[in-house]
Number of protein chains: 2
Amino acid sequence: MSRPAAKGRAVAEAGVARVSDATLCGFIGYHMKRAFNVVQADLNQALKPLDLRMVTYSALVLIVDNPGLRQSQLAEALDIERANLVVIIDELEGRELITRDRVPTDRRAYALHATLAGRRLYDRALEAVRDHERRILNGMDEESKQAVIRAMSVIRRGSEGG
Amino acid sequence: MSRPAAKGRAVAEAGVARVSDATLCGFIGYHMKRAFNVVQADLNQALKPLDLRMVTYSALVLIVDNPGLRQSQLAEALDIERANLVVIIDELEGRELITRDRVPTDRRAYALHATLAGRRLYDRALEAVRDHERRILNGMDEESKQAVIRAMSVIRRGSEGG
DNA sequence: CGATTTTAGTTATAAACTATAACAGTTATT
DNA sequence: AATAACTGTTATAGTTTATAACTAAAATCG
């Protein structure tokens, strides 16, 4: 009788009543991380039926869109180490979604090309990712989307020049 | 003489002239990932002198701001597994930045508190992170920042309800 | 030309991060 | 009192990311 015990909480004190992240909320980066976690989780969920992860999906898209791409170009575009790209390419090639074609004029390099199966999966994946974005953006208006893209570009640009 | 060879490019064809990420650029998630990579790299760089990483920094901030916090509360707030939080707390405790205090009313739990050294590091870290944000946002106007925060909140909210 | 340096792809390996299951001790439920 | 649920922990395996070293081929330069 003497203690209402908020929302059915039991006797033992349960630390703080509510965790405040007010300080962290003062930083854009915090909001970006939290939101990106959601995006990544949902995206991987959306790609799972196609047996793709974020990185294999991105790689496939760039290979389809840039026929003849070299592995080192792809690694740079994806911002991952050449060494780590190898296993990704191995996987896509093993599933016969892409081919590694020796380049006659530079026998060190491989030119990457998507197979028909690769292009078909590309189409399906694109569809799945469009659905995913519609879902996570939840009816966000076009203006807001553009504002985000502009802001993200500012951040990205900053890391290049001086 | 017959071949200008764009921008001093040597004889062997170097795959595609320029990698197009136009398809991926159609997705907000892509822009977020690219930008977040930059943020994360710069943040970790900024925190390195203080021997903090993104996650240890976030944990320290939440502990300072929420005295008496339980590990399970912190794990949930940081969106990481209880099991994985243990080593993080171990590290902060080992450096005497925080203490694990047994709770008399619930002898399973530990209440987390920052030490004086922890609060001092908190202050320095906050300063460093503010500098970092100023750097990466590169003079972005307040309105754009708020637009980003609103958009990130929309994404984050979407993952909670139905 | 021939020696040296650079590049492309690869392998091996370590480090860091994440997820899962199982456990002891304690508290809550019925 | 018996059972279930919760807190922190350990162990472990899977993933991702970073680094160094290697082969083969091409570019550079005396």
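Proteins come first, then strands; the chains are lettered A, B, ... in the order of their sequence lines, and each starts at number 1.
A salt bridge links A/D90 and A/R100; the closest N-O separation between the charged side-chain nitrogens and carboxylate oxygens is under 4.0 Å.
Within 6.0 Å of CD in B/E96 there are 12 or fewer heavy atoms belonging to other residues, nucleotides or ligands. Counted within 6.0 Å of CZ on B/R120, heavy atoms from surrounding residues, nucleotides or ligands total 12 or fewer; the atom is thus considered open. Surrounding CZ of B/R18 are at most 12 heavy atoms belonging to other residues, nucleotides or ligands under 6.0 Å away.
With hydrogens and angles ignored, a donor-acceptor pair closer than 3.5 Å exists between the side chain of A/R108 and the base of C/dT7.
Using modelled atom types and a 3.5 Å distance limit, the side chains of A/T23 and B/D65 yield a donor-acceptor pair. Inspection of the A/D101 and A/Y110 side chains reveals no N or O donor paired with an N or O acceptor under 3.5 Å.
Taking atom CZ of A/R70 as the reference point, atom P of D/dA25 lies 15 Å away to the nearest angstrom. In this entry the distance linking CG of B/D106 with C1' of D/dA5 reads 12 Å, nearest Å. Look at CD on A/Q71: it is 17 Å from P on C/dT7, rounded to the nearest Å. Whole-Å rounding puts the B/L112 CG to D/dT7 C1' distance at 12 Å. For A/F36 and C/dC17, the CZ to P distance is 16 Å, given to the nearest whole Å. At whole-Å resolution of the value, CG in A/N44 and C1' in D/dT15 are 12 Å apart.
Taken over five-pair windows at either terminus, the axes of the helix from C/dC1-D/dG30 to C/dT30-D/dA1 are inclined to one another by 20° (rounded to 10 degrees).
Under the 4.5 Å side-chain heavy-atom criterion for Ile, Leu, Val, Met, Phe, Trp and Tyr, A/V55 and A/V87 are members of the same hydrophobic cluster.
A heavy-atom distance below 4.5 Å is found between the side chains of A/Y57 and A/L126.
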For residues 46-54 of chain B, please give each side-chain donor-acceptor pair under 3.5 Å, one per line with the distance, not counting sequence neighbours.
residue : atom : partner : partner atom : Å
B/R53   : NH2  : B/E91   : OE1          : 2.7

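Using a 4.0 Å heavy-atom criterion, one finds that A/R102 contacts no nucleic acid atom at all.
Picking from D/dG8, D/dT16, D/dT9 the nucleotide with the shortest atom distance to the side chain of B/S72 gives D/dG8.
Looking at residues 73-97 of chain B, you'll see B/R82, B/A83, B/V86 sit with a heavy atom under 4.0 Å from some atom of DNA chain D.
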